[in-house]
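Let me begin by presenting the structure, written as structure tokens, before commenting on it.
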Amino acid sequence: MAELDFEDRIHAPNGTADGGGTREKVTAALDTAGSAVRDTAGTAKEQAGQVAGEAKAQARNLARDVRDRAGAEVRSQNDRLADGVRRFSDELDEMVGQRGDSPASKVVSQVSQGGRRVADYLAEHGPEGVLDGVQDFARRRPARSCSPRWQPVSSPDGSARASSVPATHRTAPAPGP
């Protein structure tokens, strides 16, 4: 039998000169390959979604762990600070007891009592309470209400410096020679 080239096979009935159904076989093979590619792409997409979901879950878990550890460390530091302030207050009370009744001992006693109040506040409210208190104070007394007290003042040598004297109470420097 004579050898047929590609063109002859395409134009022959059933895709072959011998009627063996090559065209159907090729079409079936292409359909099978296309189906396999679609299945593989679908599987890859599904697995990529699972990997992305797992990565998100791990990132959330890591963030929660870091936040928990940082919170525990802050609470630990807060407790140590409260204990240190209490010990310092106790030492001040011992000093007051050793010195007797004097104006200085009254001041030291007041400082000791204030230290105990601070330690109690730290122990009771924790770092979150301290932060809330600072934020509340900042809302009630914004920094701009305090700023006029710290105005730059020119010194005699021409350099600027900060002054705690309100601008209304300052006097002009004496003129130089």
Side-chain angles (χ1 to χ4, degrees), residues 38-177:
R38 282 189 297 278
D39 290 346
T40 303
T43 302
K45 183 177 179 181
E46 182 181 310
Q47 289 178 351
Q50 290 173 351
V51 168
E54 182 66 26
K56 284 181 186 178
Q58 287 181 1
R60 278 192 300 270
N61 291 341
L62 178 62
R64 186 182 61 241
D65 289 349
V66 168
R67 187 177 52 246
D68 291 348
R69 287 180 186 174
E73 181 63 28
V74 167
R75 284 186 292 281
S76 173
Q77 292 288 337
N78 182 73
D79 293 345
R80 282 187 271 189
L81 177 62
D83 290 343
V85 170
R86 259 195 207 94
R87 280 194 305 274
F88 182 68
S89 295
D90 291 343
E91 290 174 12
L92 290 176
D93 279 342
E94 287 177 24
M95 289 171 49
V96 168
Q98 294 170 356
R99 301 283 186 236
D101 196 26
S102 71
S105 66
K106 290 178 185 177
V107 171
V108 172
S109 179
Q110 289 176 347
V111 170
S112 171
Q113 291 169 1
R116 278 202 181 71
R117 285 193 302 268
V118 167
D120 291 343
Y121 185 87
L122 288 171
E124 182 179 338
H125 297 285
E128 296 88 3
V130 173
L131 180 61
D132 290 343
V134 169
Q135 288 174 337
D136 184 49
F137 179 78
R139 276 193 289 287
R140 286 184 286 122
R141 295 188 173 241
R144 62 185 163 87
S145 68
C146 300
S147 65
R149 300 197 85 198
W150 297 98
Q151 297 289 329
V153 176
S154 294
S155 60
D157 66 354
S159 64
R161 61 180 172 81
S163 172
S164 63
V165 179
T168 56
H169 291 83
R170 288 192 209 125
T171 58

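In this structure, CD in Gln50 is found 5.0 Å from CD in Glu46, a value given to the nearest 0.5 Å. Between the CG atom of Asn61 and the CD atom of Glu54 there is a distance of 8.5 Å, given to the nearest 0.5 Å. Going from atom CD of Gln58 over to atom CZ of Arg60 covers 10.5 Å, rounded to the nearest 0.5 Å. Distance check, rounded to the nearest 0.5 Å: CG of Asp120 to CZ of Arg86 gives 5.0 Å. Distance OG/Ser76 to CG/Leu81: 11.0 Å, rounded to 0.5 Å.
Thr43 places a side-chain N or O within donor-acceptor distance of the main-chain N or O of Asp39, the cut-off being under 3.5 Å. Ser109 places no side-chain N or O within donor-acceptor distance of the main-chain N or O of Ser105, the cut-off being under 3.5 Å.
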Query - Test side-chain contact (heavy atoms from CB on, under 4.5 Å) applied to Arg116 and Leu92, step by step - result: CA-CA 11 Å; Arg116 278 202 181 71; Leu92 290 176; over 6 Å; no
Query raised in the report: Do Asp101 and Lys106 pass the side-chain contact (heavy atoms from CB on, under 4.5 Å) test, and can you show the C-alpha distance, the side-chain angles, and the key distance before you say yes or no?
Result: CA-CA 7 Å; Asp101 196 26; Lys106 290 178 185 177; 3.7 Å; yes
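By the side-chain contact (heavy atoms from CB on, under 4.5 Å) test, Glu94 is found to be paired with no residue, residues two or more places apart in sequence or in another chain being considered.
Under 4.0 Å is where a charged nitrogen must lie from a carboxylate oxygen, and between Arg140 and Asp136 at least one such pair does.
With hydrogens and angles left out, the side-chain atoms of Asn78 and Arg75 include no donor and acceptor closer than 3.5 Å.
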